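All remarks here apply to the structure that follows.
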There are 2 protein chains.
Amino acid sequence: MTELLIQNILNHITLSKKEIDSFCNLFDQKEVQKKHFLLREGQICKFEGFVTKGLFRVYNIDNNGFEQVLYFAQENWWITDIDSFTNETPSQLYIQALEESEVLLISKKDKELAYDNIPKIEKLFRVMTQKTHISLQRRMIDNLSKTADQRYIDFIEKYPNLFQRLTNVQIAAYLGISHEFLSKIRRKIASK
Amino acid sequence: MTELLIQNILNHITLSKKEIDSFCNLFDQKEVQKKHFLLREGQICKFEGFVTKGLFRVYNIDNNGFEQVLYFAQENWWITDIDSFTNETPSQLYIQALEESEVLLISKKDKELAYDNIPKIEKLFRVMTQKTHISLQRRMIDNLSKTADQRYIDFIEKYPNLFQRLTNVQIAAYLGISHEFLSKIRRKIASK
DNA sequence: TTCATTTATTGAACTTGTTCAATGTTTTGA
DNA sequence: TCAAAACATTGAACAAGTTCAATAAATGAA
């Protein structure tokens with residue numbers, strides 16, 4: 001199912017049929033079982049992926065064994081550890097399927113091939129990286145300026161769909177709080 | 001002084017003399033007095049800047065009037081509100097000189113001109129945006145997983161130079177804590 | 001120089017969020 | 001279908017970080 005991928009690309013830039021085909025052919029489809037990993041800490045992230053089905057979490061495990069979610073990726077989202085992928089260094093992150101999932105994967109070599117052969121691909125990833133950076137910038141500001149209560153309310157409003165599909169443990173790991181405290185926030189909100 | 005800019009660009013990609021010249025000519029130099037602003041909340045950020053002298057802070061003011069620093073930019077750093085610049089929407093941020101400073105500014109129009117006329121410029125900003133995104137991703141993980149003590153120690157180690165030039169009020173606003181609490185952290189560290 | 005402003009420190013009371021342990025519920029996999 | 005595992009909630013004690021007010025030191029502008 002590259003139809004979703006094509007739509008996603010055309011959403012960012014315009015490409016000819018030929019260009020689209022030759023780019024999309026660089027991707028391999030992969031099915032990932034629930035709870036299975038696309039990436040583990042210590043591995044070098046050798047792919048960039050586009051989710052066509054299911055849901056992933058990209059997370060860190062800190063020195064005390066607690067997990068922090070960098071982001072969730074559902075259908076139509078891109079997924080990678082850009083740090084490890086770009087610098088070819090061991091990743092600090094885990095990427096795990098939270099549901100039965102499917103991704104289209106492109107290797108670093110093929111991606112660089114595309115940069116060289118299809119000039120607009122450079123623009124595509126320039127624009128996409130800008131957008132993800134803008135999102136992260138907004139999240140950074142929110143994390144610095146808002147209380148956990150407000151971040152939780154914002155999360156539900158911004159990602160109503162993810163809210164349905166995630167457990168509170170996962171949402172708490174994204175908000176940067178313990179799941180017990182999230183439970184208390186939920187009670188407080190519910191009692192209003 | 002575009003020499004610093006040229007070095008910065010060549011650090012990311014290779015360009016011919018001609019390409020460098022025609023790109024660098026798109027920048028205008030501007031001097032910014034200490035405490036003066038390059039951007040204020042509500043304005044649309046119409047520039048991307050390269051700092052050749054001095055030091056800036058890019059910060060948010062939240063609903064309670066507290067300031068949070070998104071990043072500092074000293075010599076050899078790029079500076080903009082990428083959100084406002086890209087989407088041409090009113091900025092939520094302030095950009096202020098903390099010292100007598102100088103920047104080279106490029107407008108959105110001229111930057112897009114460069115994208116069209118100098119193909120490698122697309123790669124330049126793709127690579128640069130990737131790098132800033134990687135930095136922010138690391139900071140996000142650190143903010144989610146580390147205590148204020150550790151973030152302060154990391155800051156000193158990572159930016160010894162900025163540490164010298166900044167007040168504790170500014171550093172606290174970057175770490176996301178009150179300056180009083182930073183003072184208590186400093187005492188604790190000093191007493192060891 | 002001097003006076004005002006900004007910066008840094010401190011303590012006490014307070015708020016936000018964590019930790020731990022217990023309990024009940026839901027989901028899942030064999 | 002049934003036992004195990006994961007999930008959600010709660011309370012109590014605790015730790016991390018804030019707020020406010022007071023004081024002293026450093027800086028800056030006239």
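In what follows, chains carry the letters A, B, and so on, assigned in the order in which the sequence lines appear, proteins first and then strands, with residues in each chain numbered from 1. Only a predicted model underlies this, so the values are computations on that prediction, with no experimental measurement involved.
Side-chain N/O atoms of A:R187 include one lying less than 4.0 angstrom from OP1 or OP2 on D:dG11. Within the 4.0 Å cut-off from OP1 or OP2 of D:dT9, at least one side-chain nitrogen or oxygen of A:N168 is found. Contact annotation: B:R186 side-chain N/O to C:dT9 OP1/OP2 distance is under 4.0 Å.
Between D:dG17, C:dT19, C:dG11, one nucleotide has an atom nearer to the side chain of A:F66 than all others, and that is C:dT19. The side chain of A:K35 sits closest to D:dA6 out of D:dT10, D:dT19, D:dA6. Minimum atom distance to the side chain of A:F181 is reached by C:dT18, of the listed D:dA21, C:dA8, C:dT18. Checking D:dT10, C:dT10, C:dA8 against every side-chain atom of B:K184, the shortest atom distance belongs to C:dT10. Comparing D:dG17, C:dT19, D:dT19 by their nearest atom to the side chain of B:A148 picks out D:dG17. The side chain of B:T147 lies closest to D:dG17, out of D:dA12, C:dT7, D:dG17.
With rounding to whole Å, B:E180 atom CD is found 16 Å from C:dA12 atom P. One atom, CZ of A:R151, and another, C1' of C:dT16, lie 11 Å apart when rounded to the nearest Å. As rounded to whole Å, 11 Å separates atom C1' of D:dC20 from atom NE2 of B:H179. Look at CD on B:E99: it is 14 Å from P on D:dT27, rounded to the nearest Å. If you take NZ of A:K34 and C1' of D:dA5, they are 12 Å apart, rounded to a whole angstrom. Rounded to whole angstrom, the span from the CD1 atom of A:I177 across to the P atom of D:dA8 amounts to 13 Å. Atom CG of B:L166 and atom P of C:dA8 are 10 Å apart (whole Å). Per the geometry, CD1 belonging to A:I185 stands 13 Å off P belonging to D:dT10, to the nearest Å.
Considering only heavy atoms from C-beta on, A:L136 stays 4.5 Å or farther from A:Y71 through its side chain. Using a 4.5 Å heavy-atom cutoff, the side chains of A:Y152 and A:I189 are in contact.
Among the atoms of the strands shown, only primed sugar atoms or phosphate atoms (P, OP1, OP2) are found under 4.0 Å from some heavy atom of B:T167.
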Would you sort out whether A:N161 and A:Q74 count as a side-chain hydrogen bond (donor to acceptor under 3.5 Å, both in side chains), showing the intermediate values? CA-CA 10 Å; A:N161 172 44; A:Q74 57 183 339; 2.3 Å; yes
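Annotation: of the two residues near DNA chain D, B:S178 and A:L182, the 5′-most nearest-nucleotide partner is A:L182.
Each of A:N76, A:T80, A:L105, A:I106 was evaluated against A:F50; a single residue qualifies, A:N76, per the side chain to side chain contact (heavy atoms under 4.5 Å, CB included) test.
Going from atom CG of A:L144 over to atom CG of B:L70 covers 8.0 Å, rounded to the nearest 0.5 Å.
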